[in-house]
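Below: the structure, in structure tokens.
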Amino acid sequence: MIIWQPFTLEIYAAFYPYGHNEIAGWYWDDEQGAWVPYYTLVVDGYVRHYAYYSYYGYGYTGIEDYWLSAYTSWKNQFTFLWTCTEADCPIGYCMLKDSNGQLCYGDYVDSYYYFDIDHGTGLVGMPLAWTGNTDMAKDGYSSPDIGSNFYISFCNTSLGLCDQAEFGTYNYGDFVRDFYYHALVDHFSIQYSLDLAMVNCGVNGFSNSWLYQGYYVDNYYCKMKVLGNSDNTLPYY
Amino acid sequence: MINKKVYTAFTLMFIVVFAFAQIPQICFAQQTQVDQDKARLVMSSVLGLDLTKYTVELTNYVVDNPAVFGGMTRETMVFNLTSAQNSLSVLCAFVNNTLTFMKLSPVGGAYSSINVQSPQSSGSTLLDATKNAVQRYYSYSGLQTASDALNILDSVSGTTPVNVTEGNLKLKVMTPDNFNSTNISWTRSINGANYPTRFSLDFANSVLVDLLDFSSFYSIGNTTIAISRDQAISIAQKEAFSNNRLNTTLANGTMSTVTLELPNQPQDIELNTACRQPLVYSPLWQIQFFSSNPVGSTVGYQVGIWADTGEIQYSHLVTHFGVDNAGMITNNFPASTPTSAASIPTGGGSTETGVQGGNSANQSITLLIVGIVMGIAFSAALIFLKQKRNK
């Protein structure tokens, strides 16, 4: 795991167009008193644990949900991860491997986490690994809870930061940059920052965006998942 | 004698400078009151809130000049509304003093249980609620867009708005699957392309919670489709097959230049609209090729071609993450997002102003410092002249 140095919005905005920022994970670290980005890799196991994908998408060689909590200390109040599956909620039948190593369906789960009791592999689901909160609103954008946690990432496949299909003349990198600007500099709530960033890109608010409405990649339904309390306002950076 | 005059000069100077420094504060207070008044008018006349039932508090006030609006001034205000029953948050954004966006959200609650103190919110169907909301907005704004929206709503029967077309105006209704809300928007269809009116409403439980209207600012440019679908595909093929090589790191860690395999025919071809220059919509062909054999996270290629001119707006590889190969496509970023760098609603041109008038306070401090320096210089000159005269 590489933990970059605390950064400023200007540095973020400067580096994003030139690549190598495909995994955009930041969290507010109370001890450091700073915004810290994560840049990590992936692992898989007998249970379909959720993990970070590598830069080039090869293999599962890094960080899994079940032990990530040891590093996050379950204390992250704000987490925004722009990469595939980091908000995958095991809603539906969780995937297991049988004794022959074949994928099979396990228990039906309707949550953003569960604990693998059967195999003893521990916690499943990145949102819980980062926040330690088992009670976040499942749609924290439109129906926020009143807690201190907010988690945003993708179910299934994320869209590229360079992708312009939704906007024409803007891309999702523009959206992320404007979101952070409105949240950190203008100090609007997370919900309003999502809306204003979309408006800046020409979309009538976050609720009308592909990210929130959902989209298909290779016939898989994908969307940006917003968990927790989007009424929260981020601290000044 | 000299010392007494110098002290008097210093004192007078400080009084003048201090008074001068208060001017921005006073102006700011007056200005925010004016702005609050126009936002209160929106809350009562458009959202239909009964403000006598709420304690209204301004919690954030930001002024900026985003490039997306051609550098015009945008004021964004956030209010907390507290009543005996609940708390609401309301955002109002104005561009050049015209309402462009407002949003109502429950504080610490779900839209599904939203309850507003409003004489208009009860007992109506969604269609009635929509008509009432547009009527209120029309009464407030007098804009033609709202009038057109009302006319097309009158052609709908039943209890909920449905997709319908009148002339070239389309009423589009969306209901996201995960909460009890409805989005209603209007577009104009011209030569096969849909041009957003940038007027839309969102309802939760038949309560208007979101209104966006940029129709006063956006216009439709050249609607001619000079580039046919086949021509656009041909241009996209040329682009994609000329630029589909990328440097990548293989599983063994070595770097290699590889070619992303692409199908000859793109899978996704759409005629959309976008703003080539701020606030003016033009038709845009958006074409995507998806590889059946991705290279790492690089899965395809996308091209945007202006349908009226044939000019390429963007042309680059697509990844699920960011950009796989900076060396190959670095130059596409500035070219493909010409307004991006400037669109930071931020940049040097923006001004953030907190409710306490932080920015004005900073200006005051600056003025105070400048005044003190001027005062010292003035006094020094006075002493110098006095001494010279005494000699």
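As the structure is a prediction and not an experimental result, all values here were calculated from the model. Atom set for the values below is all heavy atoms of this structure, side chains included, hydrogens, waters and symmetry mates excluded. Here is the naming used below: chain letters follow the sequence lines, and residue numbers restart at 1 for every chain.
Interface remark: B:Phe69 contributes side-chain atoms only to the contact with chain A (heavy atom separation under 4.5 Å). Heavy-atom distances place no part of B:Trp285 under 4.5 Å from chain A, backbone and side chain included. Only the side chain of B:Gln288 comes within less than 4.5 Å of a heavy atom of chain A; its backbone N, CA, C and O stay farther away. Contact annotation for A:Phe188: both backbone and side-chain heavy atoms come within less than 4.5 Å of a heavy atom of chain B. Of the two parts of B:Ser89, the backbone and the side chain both hold a non-hydrogen atom closer than 4.5 Å to a non-hydrogen atom of chain A.
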Kindly determine whether B:Thr76 and A:Tyr192 satisfy side chain to side chain donor-acceptor pair (under 3.5 Å), including the steps that lead there.
CA-CA 10 Å; B:Thr76 308; A:Tyr192 289 154; over 6 Å; no
Would A:Val199 and B:Phe214 count as a side chain to side chain contact (heavy atoms under 4.5 Å, CB included) here? Give the steps.
CA-CA 10 Å; A:Val199 168; B:Phe214 287 98; 3.5 Å; yes
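Between A:Gly168 and B:Ala274, the shortest heavy-atom distance links the atoms CA-CB, 4.1 Å. Residue A:His182 comes nearest to B:Asp64 through the heavy atom pair CE1-OD2, 4.2 Å, listed as atom of the first residue, atom of the second, then distance. Across A:Gln164 and B:Gln302, no two heavy atoms sit closer than the pair N-OE1, 2.7 Å. Considering every non-hydrogen atom in both B:Val318 and A:Cys162, the closest pair reads CA-SG, 4.5 Å.
With a 4.5 Å cut-off on side-chain heavy atoms, B:Phe290 and A:Val217 do not count as touching.
In this structure, CG in B:Leu91 is found 9.5 Å from CD in A:Gln191, a value given to the nearest 0.5 Å. Taking NE2 of B:His316 as the reference point, atom CG of A:Asn171 lies at 7.0 Å (rounded to 0.5 Å). Here B:Ser105 contributes atom OG and A:Tyr141 contributes atom OH; the two are 9.0 Å apart, rounded to the nearest 0.5 Å. From A:Asn204, atom CG reaches atom CG of B:Asp202 across 8.5 Å, with rounding to the nearest 0.5 Å. The CG atom of B:Asp210 lies 6.5 Å from the CG atom of A:Asp195; values are rounded to the nearest 0.5 Å.
Put simply, of A:Ala197, A:Gly202, A:Ala137, A:Gly205, the one with the most heavy-atom pairs under 4.5 Å next to chain B is A:Gly202.
Applying the salt bridge (Lys or Arg N to Asp or Glu O under 4.0 Å) test to B:Asp308 and every residue at least two apart in sequence or in another chain returns B:Arg276. Among residues two or more places apart in sequence or in another chain, the side-chain contact (heavy atoms from CB on, under 4.5 Å) test is passed with A:Thr134 by A:Tyr113, A:Leu128.
At distances below 3.5 Å, not a single donor-acceptor pair connects side-chain atoms of A:Asn200 with backbone N or O atoms of B:Val68.
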